[in-house]
Amino acid sequence: MLNSLLLNPGSSFPACKYAIFGTLDATMDKIPLRRISDRIQNSDKLFSIRTLEEILDGKPMNDGLHRHNYFFILVIKTGTGEHVIDFIPYSIDDRSVFILRPGQIHQLKLAPDCKGFLMQFDADFYSPTNVSAKQRFRRVTAKNSCSPEPLRFEKLCAILDYIYQEYMNKERDFSDLIRANLDIFFIESMRQSANPAQKTTTEISYEQERFEEFQELLEKHVTEHKTVIQYAEMMGISVYQLNKVTKDVLEKTVSELIHEQLILESKRTLLGTSVQVKEVAYSLGFEDVSYFIRFFRKGTGFSPEAFRNHFR
């Protein structure tokens, strides 16, 4: 049961439970996965940018629940709509920016008069390698939605307009110029994403970086690692230090964030597969199915089956 796993870092999963992961992966067909190679028609099939005017062509968009294997950046200059990302609803207004990482689930509705840009790229096209750029990229893409102040939004749009022109003209070394401008785009995005109420001391900067490192580890490993001590050990810090980081940055304990990620993974698996609830529970490390049902109901207000029936 998950309670014992959280309290006992030495707990392990029976070998038979691991076999279920292959079954789940093979049946992830209920939520469509869009691959960048199917969406982009240029020669390398790794990057595209289009204006919303050309995408919409005067018609509304009502894009059903799906996920991508690429990064997705939607910038709304003017217009309205609705955007649901990992089951969290966002209202679309003027000066809206949305950034999705590969694997995130979303649903998008746009009014026919929306103006802006849709940019998509594979990690093979753009993936920073130096430490500062990598940290910046991780920080910006960890935040799904923001509404920049007018002057900063204009800067972002100017960068995207330049990228768009390079992409359309495809002159010599245009891909290199696009990648260079993506660096600039993420620098500007990080500047405008800063929380003005947050302290700017070196200590807080360190804590923010450790928090983002924890978030990345949590997304990758939550199905097999569910104890606070496991994440602390992976990060080379104490349990006390890790809890201090999450409390200072988000005012939540590590256990609360582990629970939240488990709920999100449960939702994704319930909607993305047709396997029985007990197999969903086992795949997430719950040995007691009835406890998984109670855990999920407490976190969502639905039983697993009711959630699946309501959102499909």
Side-chain angles (χ1 to χ4, degrees), residues 33-61 63 66-79 81 83 92 94-102 104 106 108 110-130 132-134 136-141 143-193:
L33 173 63
R34 296 182 181 176
R35 303 180 186 279
I36 198 162
S37 57
D38 299 329
R39 314 293 294 178
I40 297 175
Q41 301 304 315
N42 63 6
S43 58
D44 57 12
K45 296 188 175 183
L46 296 176
F47 176 89
S48 79
I49 183 170
R50 294 176 291 167
T51 66
L52 293 182
E53 295 92 321
E54 62 184 290
I55 294 172
L56 297 172
D57 193 24
K59 303 178 182 67
M61 176 187 286
D63 216 358
H66 64 279
R67 53 203 170 98
H68 309 123
N69 73 340
Y70 49 88
F71 290 92
F72 174 103
I73 298 178
L74 176 67
V75 175
I76 307 290
K77 292 181 180 179
T78 59
H83 202 178
I92 293 177
D94 296 354
R95 302 197 320 273
S96 296
V97 178
F98 298 94
I99 301 178
L100 276 73
R101 302 179 303 281
Q104 289 195 278
H106 78 132
L108 180 62
L110 294 175
D113 59 348
C114 282
K115 296 180 180 180
F117 292 99
L118 173 60
M119 183 165 61
Q120 303 164 106
F121 58 89
D122 187 271
D124 288 336
F125 180 84
Y126 179 81
S127 184
T129 54
N130 73 70
S132 60
K134 190 173 183 178
R136 181 167 55 242
F137 183 59
R138 183 171 62 189
R139 184 172 302 183
V140 172
T141 57
K143 187 175 182 180
N144 290 138
S145 173
C146 65
S147 298
E149 61 184 34
L151 289 178
R152 291 202 180 277
F153 185 77
E154 287 179 15
K155 287 184 179 181
L156 292 176
C157 288
I159 298 165
L160 291 175
D161 187 61
Y162 184 85
I163 291 174
Y164 178 76
Q165 295 302 324
E166 284 293 326
Y167 180 71
M168 295 302 292
N169 295 333
K170 291 183 171 57
E171 296 182 11
R172 182 178 176 179
D173 297 329
F174 77 96
S175 293
D176 291 336
L177 265 176
I178 288 174
R179 279 187 279 267
N181 277 273
L182 283 173
D183 284 337
I184 298 170
F185 178 85
F186 288 114
I187 289 172
E188 189 61 41
S189 295
M190 190 182 70
R191 287 176 176 175
Q192 64 81 29
S193 294

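As the structure is a prediction and not an experimental result, all values here were calculated from the model.
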**CZ on Arg50 to CD1 on Ile55, rounded to 0.5 Å** = 4.0 Å
**Message:** Please enumerate all residues that pass side-chain contact (heavy atoms from CB on, under 4.5 Å) together with Ala133, with sequence neighbours excluded.
**Reply:** Pro128, Asn130, Arg136
**Request:** Drop me the distance from Arg139's CZ to Lys134's NZ, to the nearest 0.5 angstrom.
**Result:** 14.5 Å
**Message:** Using the ring pair (Phe, Tyr, Trp, His ring centres under 6.0 Å) definition, which of the options Tyr126, Phe174, Tyr167 pairs with Phe47?
**Reply:** Tyr167
**Complete:** Value for CG (Leu46) from OG (Ser175), rounded to nearest 0.5 Å, stands at 8.5 Å
**Request:** Could you grab the distance from atom CZ of Phe137 to atom OG1 of Thr129, nearest 0.5 Å is fine?
**Result:** 12.0 Å
**Request:** Would you indicate whether the side-chain heavy atoms of Ile178 and Ile49 approach each other to under 4.5 Å?
**Result:** no
**Message:** Ring-plane angle category for Phe121 and Phe186, please: parallel below 30°, perpendicular beyond 60°, tilted otherwise.
**Reply:** perpendicular
**Prompt:** Asp122 side chain to Asp124 main-chain N or O, any donor-acceptor pair under 3.5 Å?
**Reply:** yes
**Prompt:** What residue pairs, at least two apart or across chains, pass salt bridge (Lys or Arg N to Asp or Glu O under 4.0 Å) with a residue in residues 176-186?
**Reply:** Asp176-Arg179
Validation: residues 94-102 side-chain donor-acceptor distances under 3.5 Å, sequence neighbours left out:
| from | atom 1 | to | atom 2 | distance (Å) |
| --- | --- | --- | --- | --- |
| Asp94 | OD1 | Gly79 | N | 2.9 |
| Arg95 | NE | Pro148 | O | 3.1 |
| Ser96 | OG | Asp93 | N | 3.0 |
| Ser96 | OG | Asp93 | O | 2.6 |
| Arg101 | NH1 | Thr141 | O | 2.7 |
| Arg101 | NH2 | Glu219 | OE2 | 2.9 |

**Message:** I'd like to know whether His106 forms a side-chain contact (heavy atoms from CB on, under 4.5 Å) with Arg67, so could you lay out the CA-CA distance, the side-chain angles of the two residues, the decisive distance to 0.1 Å, and finally the verdict.
**Reply:** CA-CA 6 Å; His106 78 132; Arg67 53 203 170 98; over 6 Å; no
For residues 150-158, run the donor-acceptor check on the side chains, cut-off 3.5 Å, and write out each pair with its distance to 0.1 Å, sequence neighbours left out.
| from | atom 1 | to | atom 2 | distance (Å) |
| --- | --- | --- | --- | --- |
| Arg152 | NH1 | Glu188 | OE2 | 2.8 |

**Fill in**
Residues at least two apart in sequence or cross-chain that pass side-chain contact (heavy atoms from CB on, under 4.5 Å) with Glu53, listed by chain then number, are Thr51, Lys115
**Request:** Could you tell me which residues satisfy side-chain contact (heavy atoms from CB on, under 4.5 Å) with Met168, sequence neighbours excluded, listed by chain and number?
**Result:** Tyr164
**Prompt:** Would you say the side-chain atoms of Asn69 pair up with the backbone N or O of Leu33, donor to acceptor, closer than 3.5 Å?
**Reply:** no
**Message:** Quick check for you: to the nearest 0.5 Å, what is the distance between Leu52 atom CG and Leu74 atom CG?
**Reply:** 6.0 Å
**Request:** Apply side-chain contact (heavy atoms from CB on, under 4.5 Å) to Gln104 and Asn144, showing your working.
**Result:** CA-CA 10 Å; Gln104 289 195 278; Asn144 290 138; 3.0 Å; yes
**Prompt:** If you round to the nearest 0.5 Å, how far is CE of Met119 from CD1 of Ile159?
**Reply:** 9.5 Å
**Validation row: Ile36, His68 side chains within 4.5 angstrom (heavy atoms)** = no
**Item:** Leu56 to Ala111 - nearest heavy-atom pair and separation
**Value:** CD1-O, 3.4 Å
**Complete:** Heavy-atom nearest pair, His83 first then Phe72, reads CE1-CE2, 4.3 Å
**Request:** Look at Arg34 together with Asp63 and state whether they make a salt bridge at an N to O cut-off of under 4.0 Å.
**Result:** yes
**Asked** Does any non-hydrogen side-chain atom of Lys77 lie less than 4.5 Å from one of Phe117?
**Response** yes
**Prompt:** What are the two closest heavy atoms between Pro112 and Gly58, and how far apart are they?
**Reply:** CB-O, 3.4 Å
**Request:** Kindly indicate whether the side chain of Glu171, heavy atoms from C-beta on, has any atom under 4.5 Å from the side chain of Leu177.
**Result:** no
